[in-house]
Protein chains: 2
Amino acid sequence: MPYTKEHKDKTRKRILQSAFQLFTAKGFDGVTVNELMENCGLTRGAFYAHFSGKSALYNESLKFAASSSKLSELKPNNISDKAWLGQLLDGYLSLNHVNGIRPCPLAFLATDIVTQDQEAKETYTRVYEGMNKTIMDYTQTYSSCNENEILSVTSMIIGAVAISRTLKDQKTVSTLLVSCRLEAGRILGGV
Amino acid sequence: MPYTKEHKDKTRKRILQSAFQLFTAKGFDGVTVNELMENCGLTRGAFYAHFSGKSALYNESLKFAASSSKLSELKPNNISDKAWLGQLLDGYLSLNHVNGIRPCPLAFLATDIVTQDQEAKETYTRVYEGMNKTIMDYTQTYSSCNENEILSVTSMIIGAVAISRTLKDQKTVSTLLVSCRLEAGRILGGV
DNA sequence: TTTAATATATGACCTTTATCATATATTAAA
DNA sequence: TTTAATATATGATAAAGGTCATATATTAAA
């Protein structure tokens, strides 16, 4: 028996990780299968041993990213829910995020998903609902945010990041991110 | 001299209009030149008599849409600034808008623009700043919204529409739109 | 009714790219 | 050190699509 069981699995994860990075940066049509594979030191030939096609990879990489997202991280024990929520907002509305460090698919793939298949949309929806639930859960322990407030905050921060990516002036971007950070914190009860 | 001066101009506008509709619906790569032309009763051959290429059309259609956008419409005389702003929000956060009736490029092309050239991004930025200015102007006459509030509201409504397009459950979409309508109105001083 | 200028259509080209068939390389076990 | 199973690479194919050269159609003026 050649190769250990974990080898293919590791390669697969490498592809998924790299694919998510590329897809969020350039969109489904902006990346070639070749590019996807060379980006992790492989060639296109090996691709179909791992995935049935480009669309399948797109969907899988989305699911992969969802499960390893920062928002689904569990809160460290030594800080309060409120403080943790503040940190999540800080990270989400940061230049690092806008520049593609651990990109959130909700912001980076917002319009890209529209032209993808149903499965991609369902995954997107699941991630979106997960985000709302996460924020809702954290707020419930210290305040009493209603659904309107949660939904408007997620739209705000997703929108802010999506918009920021297209603005080239960093000053404008910073202002936008700071503004949304303040308003989102206020809506969520002084975070 | 064949053809009247206005003929080509009318055709050009027809192409621009139709192109904007298609680009917002399916993204730059999701539409072919063939499709763009057949959508207004022409064939691809005629295309290059009007535009230097697909990218050029994308940029021009974006500018065209910007100049004919609802947000740049002037307010009717018989209603207040506040009421008019309310109507703008109603329209923006409506199912019609989400379904592609007079689509706002800020929401519909948010991530699509990222892979386009500098010119497209500049146009996007201009439209974005115009939207902020418009809302700012209307609010100043009855209230005293600061920049943070304006910027967070535009992110919110743009984000809401972008997200809504990917959610298939209409109930969820309606809830989201209504929530953002309420919160945006509140932030803008009870609109 | 011609005609010249312009608009539009047709056909072809060439590049890109997803996909697949086949060949080669790799590695754990015998 | 073989060997069999699996992973990866190479080469080929075919389709799609942007672009352009050329042909045809249209129309205002002569």
Side-chain angles (χ1 to χ4, degrees), chain A residues 1-23 25-62 64 112-113 115-117 119-120, chain B residues 1-62 64 109 112-113 115-117 119-120:
Chain A
M1 307 273 167
Y3 293 97
T4 163
K5 199 79 181 173
E6 301 116 30
H7 183 207
K8 190 171 185 183
D9 221 61
K10 259 182 107 169
T11 304
R12 182 193 164 83
K13 285 221 178 78
R14 205 149 44 91
I15 299 173
L16 285 170
Q17 172 69 40
S18 151
F20 182 68
Q21 201 69 36
L22 286 177
F23 280 138
K26 318 211 280 184
F28 181 82
D29 292 307
V31 191
T32 69
V33 173
N34 221 334
E35 210 176 344
L36 286 163
M37 295 302 276
E38 289 192 338
N39 194 49
C40 41
L42 297 173
T43 61
R44 75 196 179 289
F47 177 74
Y48 295 89
H50 291 277
F51 303 96
S52 68
K54 193 183 176 187
S55 286
L57 172 60
Y58 187 89
N59 287 329
E60 301 253 25
S61 79
L62 190 52
F64 173 80
D112 203 54
I113 295 273
T115 50
Q116 300 302 315
D117 57 26
E119 190 184 349
Chain B
M1 308 272 166
Y3 293 98
T4 162
K5 200 78 181 173
E6 302 116 27
H7 183 208
K8 190 171 185 182
D9 221 60
K10 260 182 108 168
T11 304
R12 182 192 163 84
K13 286 220 177 78
R14 205 150 44 91
I15 299 172
L16 285 171
Q17 172 69 42
S18 151
F20 182 68
Q21 201 69 38
L22 286 177
F23 280 137
T24 50
K26 318 211 282 184
F28 181 82
D29 292 307
V31 191
T32 69
V33 172
N34 221 334
E35 210 175 343
L36 285 163
M37 295 302 276
E38 289 192 338
N39 194 49
C40 40
L42 298 172
T43 62
R44 73 195 179 290
F47 178 74
Y48 294 89
H50 291 277
F51 303 97
S52 67
K54 193 183 175 187
S55 286
L57 172 61
Y58 187 88
N59 287 330
E60 301 253 25
S61 79
L62 190 52
F64 174 79
L109 298 179
D112 203 55
I113 294 273
T115 50
Q116 299 303 314
D117 57 26
E119 190 183 350

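Note on naming: letters A, B, ... go to the chains in the order of the sequence lines (proteins, then strands), and numbering restarts at 1 for each one. Keep in mind it's a predicted model, so treat the numbers as computed, not measured.
Across the interface with DNA chain D, nearest-nucleotide mapping of A:Leu42 and B:Phe28 shows A:Leu42 to be the residue nearer the 5′ end.
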Show me the protein contacts with nucleotides 11-17 of chain C, counting only N or O atoms at under 3.5 Å.
{"from": "C:dG11", "atom 1": "N7", "to": "B:Arg44", "atom 2": "NH2", "distance (Å)": "2.7"}
{"from": "C:dG11", "atom 1": "O6", "to": "B:Arg44", "atom 2": "NH2", "distance (Å)": "3.1"}
{"from": "C:dA12", "atom 1": "N6", "to": "B:Arg44", "atom 2": "NH2", "distance (Å)": "3.4"}

Give each protein N/O atom lying under 3.5 Å from an N/O atom of nucleotides 24-26 of chain D, with the pair distance.
{"from": "D:dT26", "atom 1": "O4'", "to": "B:Tyr3", "atom 2": "OH", "distance (Å)": "3.4"}

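A:Tyr48 has a side-chain polar atom (N or O) that falls below the 4.0 Å cut-off from OP1 or OP2 of C:dT19. A sub-4.0 Å separation between OP1 or OP2 of C:dT8 and a side-chain N or O of B:His7 is present.
Rounded to 10°, the angle separating the first-five-pair axis and the last-five-pair axis of the helix from C:dT1-D:dA30 to C:dA30-D:dT1 equals 0°.
Residues that satisfy the salt bridge (Lys or Arg N to Asp or Glu O under 4.0 Å) test with A:Arg14, not counting sequence neighbours, are absent from this structure. In this structure, B:Phe64 has no ring-ring contact (aromatic ring centres under 6.0 Å, His included) partners at least two apart in sequence or on a different chain. For A:Glu119, the salt bridge (Lys or Arg N to Asp or Glu O under 4.0 Å) test picks out A:Lys63, with sequence neighbours left out.
The minimum heavy-atom distance between B:Val31 and B:Glu35, with the atom names listed, is CA-OE1, 3.6 Å. Contact between A:Phe47 and A:Gly53 at its shortest, heavy atoms only, is CZ-O, 3.5 Å. Across every non-hydrogen atom of A:Asp112 and A:Gln116, the tightest pair is O-CG, 3.6 Å. In terms of heavy atoms, A:Glu60 sits closest to A:Arg12 at OE1-NH2, 3.0 Å. Looking at every heavy atom in both residues, B:His50 comes nearest to B:Lys8 through CE1-CG, 3.4 Å.
At whole-Å resolution of the value, CZ in A:Phe51 and C1' in C:dC20 are 18 Å apart. Between the P atom of C:dA9 and the CG atom of B:Asn34 lies a distance of 11 Å, rounded to the nearest Å. Across the protein-nucleic acid pair, A:Tyr58 atom OH and C:dA18 atom P stand 14 Å apart, rounded to whole Å. Straight-line distance from the CZ atom of B:Arg12 to the C1' atom of C:dT6: 16 Å, rounded to whole Å. C:dA18 atom C1' lies 13 Å from atom CE of A:Met37, rounded to whole Å. Atom pair B:Glu35:CD and D:dG18:C1' shows a separation of 14 Å (rounding to whole Å applied). The CZ-C1' distance, from A:Phe47 to C:dC20, rounds to 13 Å in whole Å. One can place CD of A:Glu38 at 13 Å from C1' of D:dT8, the figure rounded to the nearest angstrom.
In the set D:dA28, C:dT19, D:dT8, the nucleotide with an atom closest to the side chain of B:Thr4 is D:dA28.
A heavy-atom distance below 4.5 Å is found between the side chains of A:Ile113 and A:Leu62. Counting heavy atoms from C-beta on, the side chains of B:Leu16 and B:Leu57 come closer than 4.5 Å.
Remark: the backbone N or O of B:Ala120 is paired with a side-chain donor or acceptor of B:Asp117 at under 3.5 angstrom.
Using a 30° and 60° split on the angle between ring planes, B:Tyr58 and B:Phe23 fall in the perpendicular class, above 60°.
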